[in-house]
Amino acid sequence: MDLDGDGYPDIISGSWPGELFLFRGGPAGKFAAPEMLKDKDGNIINIGGGMREQPDGSIYITGNATFETTSEGTFVNYHGKRIKSTAEKQVLVTGTASAVHAVDWDGDGRLDLLVGDIGGNVYLIPNEGTTKKYAFGKHRPLEAGGKPLRVNGDAGPFACDWDGDGLIDLLVGAGDGSVWFYRNIGSAKAPKLAAGVQLVAPGEASFGADAPREPRRGIRAKVCAVDWNGDGRLDLLVGDFATQKPTLPEPTPAQKAEQDKLRKELDAVTARYHPLVNKLIGSGRVKSKEEQDKVQKEFNEVARKMQDLRSKLPPEYENHGWVWLFLRKPASEKLGAR
């Protein structure tokens, strides 16, 4: 993908905060440091991002923000703004979990952007510039089957001619691990998407003692279509987030007794942790600085205790990111997985 038209492949990426990042390619396969993509008006692109004051007085920032603690208090830095977080006006940070794919969506020779978000929506950001100098316009949500396109969270779009009719279609990975196909029933210049068809069923992610011992397909599917085996048919590569029980030696009776004791302590500490979170964040938080300092001190002590107890216990599960290959079969057969 050569977004800036300089003859070198570039890399484009979404992010948890929501901003889109461009890694410009150069000679010898080297890439420049990432830069946040901006629209034609010079604004950093983050669909659904920004800073908003809530009814309870708190400020929610959706985007690439960092916390800074000084002798004067806690501050949040967000795109050149420095906002102080206080008991009366707390600053909270979240993200949109953007996933981006660059494609010439409307057949005009310029790379546009398809962006998925944590809510399962997919947006088109049209390129109104040239092949040598991009200029991104206002985003708009895509529709499928005459309705807003939405999958079950964490949309990951990928455009390709999936059905081989010469028109760009849309594949979307979803938060539940499923993959959906949206056929282009319009034209190359004016794509129109049919209602979605599920290509891959949801995966699973079991946390704690229920985590599986063997690899299983997980959630948060991100998809790429490629002719993997050279048979002329597009196959699917599906990345995921999965959990798995680690392979550990069987504990001795003494070790098991100690672990059971630690787990009981951890349960008791965890029961204290959640009410403290509610007192620090959101509508139920304490208002005065004196109260907040007191709760924050207790919260820090409980958090440290939880961390200490967990460090002494064997992990119940591990996080993994697998890539699954689904080989395309003839139309009379179903899609198969490896």
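Between R216 and E214, at least one side-chain nitrogen of the basic residue sits less than 4.0 Å from a carboxylate oxygen of the acidic one, meeting the salt-bridge criterion. The residues R183 and D165 are annotated as salt-bridged, a charged nitrogen and a carboxylate oxygen being separated by less than 4.0 angstrom. A salt bridge does not link R233 with D227: every distance from a Lys NZ or Arg NE/NH1/NH2 to an Asp or Glu carboxylate oxygen is 4.0 Å or more. A salt bridge does not link E204 with R217: every distance from a Lys NZ or Arg NE/NH1/NH2 to an Asp or Glu carboxylate oxygen is 4.0 Å or more. Salt-bridge annotation for D293 and K297: absent, with no side-chain N of the basic residue lying under 4.0 Å from a carboxylate O of the acidic one. The pair R82-E68 meets the salt-bridge criterion, since a charged nitrogen lies less than 4.0 angstrom from a carboxylate oxygen. In summary, E128 and K40 engage in a salt bridge, as defined by a charged side-chain N under 4.0 Å from a carboxylate O.
Looking only at side-chain heavy atoms (C-beta outward), I168 and P191 stay at 4.5 Å or farther from each other.
Between F299 and Y273, the gap from one ring centroid to the other is short of 6.0 Å. No close placement of the F21 and F23 rings is indicated, their centers lying 6.0 Å or farther apart.
At least one donor-acceptor pair closer than 3.5 Å links the side chain of N184 to the backbone N or O of K192. Counting only distance, with no hydrogens or angles, the side chain of T270 and the backbone of L266 share a donor-acceptor pair below 3.5 Å. Counting only distance, with no hydrogens or angles, the side chain of N127 and the backbone of G129 share a donor-acceptor pair below 3.5 Å.
Y123 and H139 have perpendicular rings, their planes meeting at more than 60° on a 0 to 90° scale where under 30° would count as parallel.
Residues R328 and D231 approach most closely at O-OD2, 4.0 Å, considering heavy atoms.
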